[in-house]
*Asks:* 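Okay, handing you the structure first.
Lettering follows sequence order; numbering is per chain, from 1. All figures in this text were calculated on a predicted structure; none of them were measured in a lab.
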Protein chains: 2
Amino acid sequence: MTILTEQPVTSSDKTFFKLRQDIVEGSIASGAKLSETELSTKYAVSRAIIREAINRLESCHLVERKANVGARVVSLTAEGLVELYQVREALEGMAARLAAQNMTEEEIAGLNALLSSHFQEVKGGESYYQEAGDVDFHYRIVLGSKNKHLISVLINGLYHLVRMYRVQLGMAGPRVTTAFDEHRHIVRAIANRDAELAEMLMRRHILYSRNNIAAKLNKAGGK
Amino acid sequence: MTILTEQPVTSSDKTFFKLRQDIVEGSIASGAKLSETELSTKYAVSRAIIREAINRLESCHLVERKANVGARVVSLTAEGLVELYQVREALEGMAARLAAQNMTEEEIAGLNALLSSHFQEVKGGESYYQEAGDVDFHYRIVLGSKNKHLISVLINGLYHLVRMYRVQLGMAGPRVTTAFDEHRHIVRAIANRDAELAEMLMRRHILYSRNNIAAKLNKAGGK
DNA sequence: CCATACAAAAGTGTCGACAATATAGCCATA
DNA sequence: TATGGCTATATTGTCGACACTTTTGTATGG
C-alpha cells in the first residue's frame, strides 16, 4: 500500500511513532499539553524517551515547545493550513519538476499502474482507498525527485501535519474524480519529461486542493 | 547585523549552538564521527545534553545518525549542494512571492535601506560584509513571507547547511556586483507587489548562484 | 476587595549509572 | 594464509534521581 518503510529499531523510535500516530489521528487532542511525566507512565517508558520523542515531534511541526514550560500539540487553524499548503506547493512543484527529469521509465510505468488501479476504485467509490491512493501518488513523485532534502522535509516532516489536518477535519471529498484527472495530467507531463509543465500542474493541483479544503473549513467552523 | 535573535536559554541550547557553529565553521570536520562521550567531556556537559544537541543537528540536516551506531557530520558533495539549492530555489521563490504580498511598506523601506548600505560596501570591496549582507537580505525576505513553516524550514534548518558549504568551500566571489543587481530587481518587484515576478527573479538568482558555486567546486576539487 | 509577596507544588532540565548493542581484536581451524 | 567464530572493549540506549524553574495557591497588607 504505502511505500514508506520506516521501521522502529529502538524503543525511542517506537514511542515516537506511537505518539505521532496518536497526535495525527486525534487521540491526543490538538492544542493539548504534553506532560512528560504523564506520558512516560502512559506509554510505559522513561521520561528520557518521551523527551526525545517530543523533540522529534517538534521537528515535524506537530508540537510546539517552550523552554522550562513544556510542549503542546499544535492547534489547527485556517491560516496554518494555508501556510502549510503554500510550502507544499513550492516543494512538491519542485519535486514534480525533478521527477520529470530523474524518474526511471520503470518508476513512471509504476505510476501509471497506480493510476489505473485508482481508476477502478474511483468507479467503485471507495473513498478510503482514494485517500490512501492520493497519499501514495504524492509520495512516489516526491521520492522520484531523488532529492534527499526534499524527501526528508516533506515525508519526514510536513506530510504528517498534512495528514493531521486531513484526518481531523474529515477530508474525503467530492474532489476525488477531479483530483484523479489532475493526477493523470501530471503523470503525462512526467512521462513526456516536460519538467516545466509537471511543476506547473502539480502546483495548480495543490492550490486547488487547498482551496477545496479551506472552503470546507470555513463552512464547518465559521467562527 | 543579523536579524535572527535566537537566544540560548538552557544549557542544552548553548551546547547545540556551539556544536552547530563548530560544525558549520569546520572546527569539527565534515564527515567526522561524533562520539557522545568524547563531546560530553569536550563541552563539559552530560551525555544527555550532547544527545539532545545531536538530535537537533540531525533535524538541521547537519549530521546523520544511525541507531546503535552513532552520528557523523554530513559530508559535503557536489550533488548535495545541487540538491540543497534546488530546495532553496523552491522555498525562497515562494518566500519572495509571499513577501511581495505580505511585507509592510516599512519592511520594504528597510530592504531598500539595506541595499543602499550594501552599495557602499560593494564600492569599498569588503567581501566579508557582502557575505553577511547577502545572508541578511535573504533572511529578511524569508521573514517577510510571514509563513511560519517556510521560516522554520529555511532559517532553523537549511540555512546552516548553506552556510557550511559557503564557509568550507570559501565562497567570496566575483559574483558580488552581479548578485547586488539581482537583489535590486527582486526588491523592486516586491515593492511593486508583483508576486509572480518576485518569485521568478528569486529563483533565477538562486539558480545563478548555484551554478557559480558549482563551477568553483568543480574547479577546486575536480577528482 | 484587590494587589503583592511569599511558599508550596508540579514540571522541566540535568546528571551519573546501568543495560543492550555494535565494533575490534584474537584465537582456532580449514 | 585466510576465514570463521568468540571474547573483550567501546559506544549507544535507557533509566531513576536530583536540581532548578515556573506556576499555583495562600496569606498578608494596602
Side-chain angles (χ1 to χ4, degrees), chain A residues 5-23 27-75 152 156, chain B residues 5-23 27-75 152 156:
Chain A
T5 60
E6 50 180 2
Q7 275 229 348
V9 30
T10 171
S11 164
S12 178
D13 287 341
K14 283 181 233 163
T15 308
F16 167 59
F17 289 141
K18 266 187 235 159
L19 244 175
R20 188 178 64 188
Q21 182 175 350
D22 287 351
I23 289 175
S27 305
I28 299 177
S30 146
K33 173 127 203 293
L34 293 177
S35 161
E36 293 182 1
T37 54
E38 194 180 323
L39 292 175
S40 85
T41 63
K42 179 176 173 184
Y43 291 89
V45 288
S46 98
R47 257 188 63 217
I49 304 289
I50 297 292
R51 274 181 75 81
E52 201 163 316
I54 289 180
N55 279 333
R56 289 216 242 168
L57 290 169
E58 194 184 10
S59 303
C60 304
H61 305 254
L62 287 176
V63 315
E64 287 167 349
R65 144 175 278 177
K66 267 192 296 188
N68 285 314
V69 173
R72 311 191 77 86
V73 178
V74 293
S75 31
S152 169
N156 297 319
Chain B
T5 60
E6 49 179 3
Q7 276 230 347
V9 31
T10 170
S11 164
S12 178
D13 287 341
K14 281 181 235 164
T15 308
F16 167 59
F17 289 140
K18 265 186 237 161
L19 245 175
R20 188 179 64 188
Q21 182 176 349
D22 287 351
I23 288 176
S27 306
I28 299 176
S30 147
K33 173 123 202 294
L34 293 177
S35 160
E36 295 183 358
T37 53
E38 195 179 321
L39 291 175
S40 84
T41 62
K42 179 175 173 185
Y43 291 90
V45 288
S46 98
R47 257 188 63 217
I49 304 290
I50 297 291
R51 275 182 73 82
E52 202 164 315
I54 289 181
N55 279 332
R56 289 216 241 168
L57 290 169
E58 195 184 10
S59 303
C60 304
H61 306 252
L62 288 176
V63 315
E64 286 166 351
R65 142 175 280 176
K66 266 192 295 187
N68 285 314
V69 174
R72 310 193 77 87
V73 179
V74 294
S75 33
S152 169
N156 297 320

*Asks:* With heavy atoms under 4.0 Å as the rule, sort B/T10 into base, sugar-phosphate or nothing.
*Replies:*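 Since only primed, P, OP1 and OP2 atoms lie under 4.0 Å of B/T10, the category is sugar-phosphate.
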*Asks:* Please determine whether a side-chain nitrogen or oxygen atom of A/K33 lies at a distance below 4.0 Å from atom OP1 or OP2 of C/dT12.
*Replies:*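 True: A/K33 side-chain N/O within range (under 4.0 Å) of C/dT12 OP1/OP2.
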*Asks:* When A/V73 is tested against each of A/L62, A/D22, A/I28, A/L57 for side chain to side chain contact (heavy atoms under 4.5 Å, CB included), which residue passes?
*Replies:*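 The residue from A/L62, A/D22, A/I28, A/L57 that satisfies side chain to side chain contact (heavy atoms under 4.5 Å, CB included) with A/V73 turns out to be A/I28.
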*Asks:* Without decimals, in angstroms, what is the distance between A/I50 CD1 and C/dG13 P?
*Replies:*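 Those two atoms, CD1 and P, are 14 Å apart.
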*Asks:* Decide whether A/T37 and A/S35 meet the rule of one side-chain donor and one side-chain acceptor closer than 3.5 Å.
*Replies:*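 On atom types as modelled, these side chains qualify, holding a pair under 3.5 Å.
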*Asks:* Between P on C/dA17 and CD on B/E36, what's the gap in Å once rounded to a whole number?
*Replies:*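 Taking CD of B/E36 and P of C/dA17, I get 17 Å after rounding.
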*Asks:* Which value, rounded to the nearest 0.5 Å, describes the distance between B/I50 atom CD1 and B/F16 atom CZ?
*Replies:*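 It is 12.0 Å, given to the nearest 0.5 Å.
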*Asks:* State whether B/K66 and B/E58 are salt-bridged, where the test is any N-O pair (Lys NZ or Arg NE/NH1/NH2 against Asp/Glu carboxylate O) under 4.0 Å.
*Replies:*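 Result for this pair is no, no salt bridge flagged.
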*Asks:* Nearest-nucleotide wise, let me know which of A/V69 and A/D13 is further upstream toward the 5' end of DNA chain D.
*Replies:*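 Counting from the 5' end, the first nearest nucleotide belongs to A/D13.
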*Asks:* Rounded to the nearest Å, what distance is computed from the CD1 atom of residue A/I49 to the C1' atom of nucleotide C/dC18?
*Replies:*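 Atom CD1 in A/I49 sits about 14 Å away from atom C1' in C/dC18.
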*Asks:* Rounded to whole angstrom units, what separation is found between the NZ atom of A/K42 and the P atom of C/dG11?
*Replies:*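 Roughly 15 Å, once rounded to whole Å.
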*Asks:* Taking any atom under 4.0 angstrom from a heavy atom of chain B, which nucleotides of DNA chain D are the first and last to qualify, 5' to 3'?
*Replies:*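 Listed 5' to 3', the contact boundaries are D/dT11 to D/dT14.
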*Asks:* Show, in sequence, the C-alpha distance, side-chain angles and deciding distance for A/D13 and A/R56, and conclude whether the salt bridge (charged side-chain N to carboxylate O under 4.0 Å, His left out) test is met.
*Replies:* CA-CA 10 Å; A/D13 287 341; A/R56 289 216 242 168; 2.3 Å; yes
*Asks:* When the distance from CD of B/E52 to P of C/dG13 is rounded to whole Å, what number comes out?
*Replies:*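 Those two atoms, CD and P, are 7 Å apart.
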*Asks:* Which is more 5' along DNA chain D, the nucleotide nearest A/A48 or the one nearest B/E38? Just name the residue.
*Replies:*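 The residue closer to the strand's 5' end, by nearest nucleotide, is B/E38.
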*Asks:* Any salt bridge linking B/K42 with B/E36? Criterion: basic side-chain nitrogen under 4.0 Å from a carboxylate oxygen.
*Replies:*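 Looking at B/E36 together with B/K42, the answer is no, because their closest N to O distance does not fall below 4.0 Å.
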*Asks:* Starting from P on C/dT14, measure out to CZ on B/F16 and report it in whole angstrom.
*Replies:*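 Rounding to the nearest Å, CZ of B/F16 and P of C/dT14 are 14 Å apart.
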*Asks:* Is any N or O donor-acceptor pair between the side chain of A/R47 and the base of C/dG13 shorter than 3.5 Å?
*Replies:*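 Checked by distance alone, the answer is yes.
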*Asks:* At under 4.0 Å between heavy atoms, what does B/L34 touch on the DNA or RNA strands: base, sugar-phosphate, or nothing?
*Replies:*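 Contact class for B/L34: sugar-phosphate only.
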*Asks:* Does the distance from a Lys or Arg side-chain N to an Asp or Glu carboxylate O, for B/R51 and A/E52, drop under 4.0 Å?
*Replies:*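 A salt bridge links B/R51 with A/E52.
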